[in-house]
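Chain identifiers are assigned alphabetically (A, B, ...) following the order of the sequence lines, protein sequences preceding nucleic acid strands; residue numbering begins at 1 within each chain.
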Number of protein chains: 2
Amino acid sequence: MAQNDTVTRILDAAEVLFAEQGFAETSLRTITAKADVNLAAVNYHFGSKKALIQAVFARFLGPFYELIEISLDAHEKQYPDTILSIEDILRFVARAMANVTEGDRGRLAIFMRLLGLAYNQGQGHLRKFLQTEYRTLFRRVMALIARATPELQPVERYWRFHFMLGAAAFTLSSMEHLRAIVEHDFDTKCTEEEVVGYLLPFLAAGIRAK
Amino acid sequence: MAQNDTVTRILDAAEVLFAEQGFAETSLRTITAKADVNLAAVNYHFGSKKALIQAVFARFLGPFYELIEISLDAHEKQYPDTILSIEDILRFVARAMANVTEGDRGRLAIFMRLLGLAYNQGQGHLRKFLQTEYRTLFRRVMALIARATPELQPVERYWRFHFMLGAAAFTLSSMEHLRAIVEHDFDTKCTEEEVVGYLLPFLAAGIRAK
DNA sequence: GTATGTTTGAAACAGATGTTTGATTTGCAA
DNA sequence: TTGCAAATCAAACATCTGTTTCAAACATAC
């Protein structure tokens with residue numbers, strides 16, 4: 001399992017470095033040095049840097065995708081025809097994310113930071129990769145939100161969905177930094193769970209404003 | 001005024017390209033080509049690429065800073081001891097931004113995208129630049145928000161403030177792209193003003209959730 | 001143990017990057 | 001017009017980038 005070990009070590013190093021510095025700012029030499037692996041290994045195992053970036057995402061999103069699909073399926077089977085509230089939906093998403101990043105505290109921040117980068121970085125080849133790869137999940141969540149907010153016009157609901165996404169991606173991706181400020185300014189520590197606990201009511205109230 | 005023209009053309013080209021592609025992804029050669037200016041001009045007029053990035057920000061934030069300070073001063077002088085609501089505060093900020101970016105539609109998106117990049121990019125040398133340079137404005141706005149939300153604990157208010165910032169920065173910076181999707185999926189066009197009109201109630205409801 | 005295919009390794013590749021140089025042109029004051 | 005500083009230009013600089021190469025080391029099946 002030598003090659004598997006090499007692949008894993010590259011992905012581990014890359015995911016941390018990408019989140020810390022961005023994609024363009026992180027060189028393959030930095031990654032391979034941190035992974036203690038030969039430079040050529042990236043191109044041998046992944047083919048290119050671009051493919052490595054997508055592999056980093058796939059390792060995150062694959063399990064997340066499966067987990068949330070499974071839990072939604074289970075819930076719909078157990079309670080058919082129930083309409084989930086916004087809070088319920090958000091809790092499903094949050095729990096799936098927590099499960100995917102469990103063990104490694106701080107990995108949630110990496111996840112969200114990568115997501116934010118993917119949305120904002122470059123010509124959006126990553127955004128397209130994500131949107132085509134996870135279109136069905138996206139549609140499913142959107143449909144749930146639509147049933148939870150029947151009073152909203154579709155366009156406004158669409159925008160409010162992205163307001164939620166933005167609030168989550170932006171803050172959770174800068175979590176370490178923001179938490180450090182909280183600790184300095186308010187002399188209080190915040191756990192990841194507490195921050196998410198602050199976040200969900202904000203999002204829920206926002207999406208059904210007015 | 002030859003050098004002034006060169007400086008302006010570089011800043012114009014850089015602000016667009018940075019917003020489109022990010023900082024690291026945009027080379028000085030691309031910038032100077034778009035600006036129709038010699039490559040060496042950047043280092044001659046600004047000293048370095050890093051300094052150019054900060055200059056791009058300064059050209060945005062300087063006028064914004066002055067404008068919002070002036071309008072807040074004027075309001076406090078005319079209506080002393082009145083407590084601004086969240087909606088009022090947000091409207092002040094939004095109006096200052098609209099004025100700063102007026103004329104160039106789409107410049108609001110560039111502004112927000114640069115802001116988001118600055119928050120997420122690299123080791124955060126830009127974030128530090130912003131925070132030290134505009135600390136007083138930040139504190140003033142935070143104090144206004146505190147008076148508008150006396151029921152909130154300081155820590156939760158701090159987080160909710162950044163939730164708002166994230167929702168705004170994330171969505172407004174991807175506005176072109178998101179608007180294109182809206183046009184395709186819902187067969188409706190959204191103006192910048194409409195998006196901001198959707199955003200502010202969302203933020204206001206979020207910050208005083210529960 | 002030999003042969004076969006896979007994985008690593010050091011080195012080199014071609015190209016792009018930010019920056020510097022030194023000659024040349026420009027704009028303006030004396 | 002002359003003189004001089006400021007601004008422009010083409011070229012070169014050193015360094016870093018992703019990628020490729022090919023020999024060596026490795027594992028595995030016969």
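- For the pair B:Ile31 CD1 and C:dT17 P, the interatomic distance rounds to 11 Å; values are reported in whole Å.
- Each of A:Ser27 and A:Gly47 lies near DNA chain D, and the nucleotide nearest A:Ser27 is the one positioned closer to the 5' end.
- Ion pairing between a basic and an acidic side chain is recognised when a charged N comes within 4.0 Å of a carboxylate O; A:Arg9 and A:Asp5 show such pairing.
- Listed nucleotides: C:dG18, D:dT8, D:dA10. Nearest to the side chain of B:Lys49: C:dG18.
- As judged by a 4.0 angstrom heavy-atom cut-off over every strand, A:Ala41 is placed among residues making no nucleic acid contact.
- At least one side-chain nitrogen or oxygen of A:His45 sits closer than 4.0 Å to the OP1 or OP2 atom of C:dT8.
- Taking a cutoff of 4.0 Å between a charged side-chain nitrogen and a carboxylate oxygen, B:Arg107 and B:Glu15 qualify as a salt bridge.
- In this structure, A:Phe23 places its CZ atom 18 Å from C1' of D:dT17, rounding to the nearest Å.
- The shortest distance between the side-chain N/O atoms of A:Thr6 and the OP1/OP2 oxygens of C:dT7 is not below 4.0 Å.
- The separation between A:Phe18 atom CZ and D:dG18 atom C1' is 12 Å, rounded to whole Å.
- Summarising the geometry, the separation between OH on A:Tyr44 and P on D:dA25 is reported as 17 Å, rounded to the nearest angstrom.
- Separating the CD atom of A:Glu25 from the P atom of C:dT17 is a distance of 14 Å, rounded to the nearest angstrom.
- The local environment of CG in B:Asp187 is sparse, with at most 12 non-hydrogen atoms from other residues, nucleotides or ligands closer than 6.0 Å.
- Distance from the side chain of B:Asn38 is smallest for D:dT8 among the nucleotides D:dT19, C:dT7, D:dT8.
- Among the heavy atoms of the strands lying under 4.0 Å from A:Thr26 are primed sugar atoms or P, OP1, OP2 only; no base atom is included.
- Across the protein-nucleic acid pair, A:Leu39 atom CG and C:dA10 atom P stand 11 Å apart, rounded to whole Å.
- Projected onto DNA chain C by closest heavy-atom contact, A:Arg29 and A:Asp36 fall at different nucleotides, the more 5' of which corresponds to A:Asp36.
- Between the C1' atom of C:dA10 and the CG atom of A:Leu28 lies a distance of 17 Å, rounded to the nearest Å.
- Counting to the nearest Å, the C1' atom of D:dA7 and the CG atom of B:Asn43 are 14 Å from each other.
- For the pair B:Arg140 and B:Phe138, the cation-pi criterion (under 6.0 Å, within 45° of the ring axis) is not fulfilled.
- No cation-pi contact links A:Arg160 to A:Tyr158, judged by a cut-off of 6.0 Å to the six-membered ring centre and 45° from its axis.
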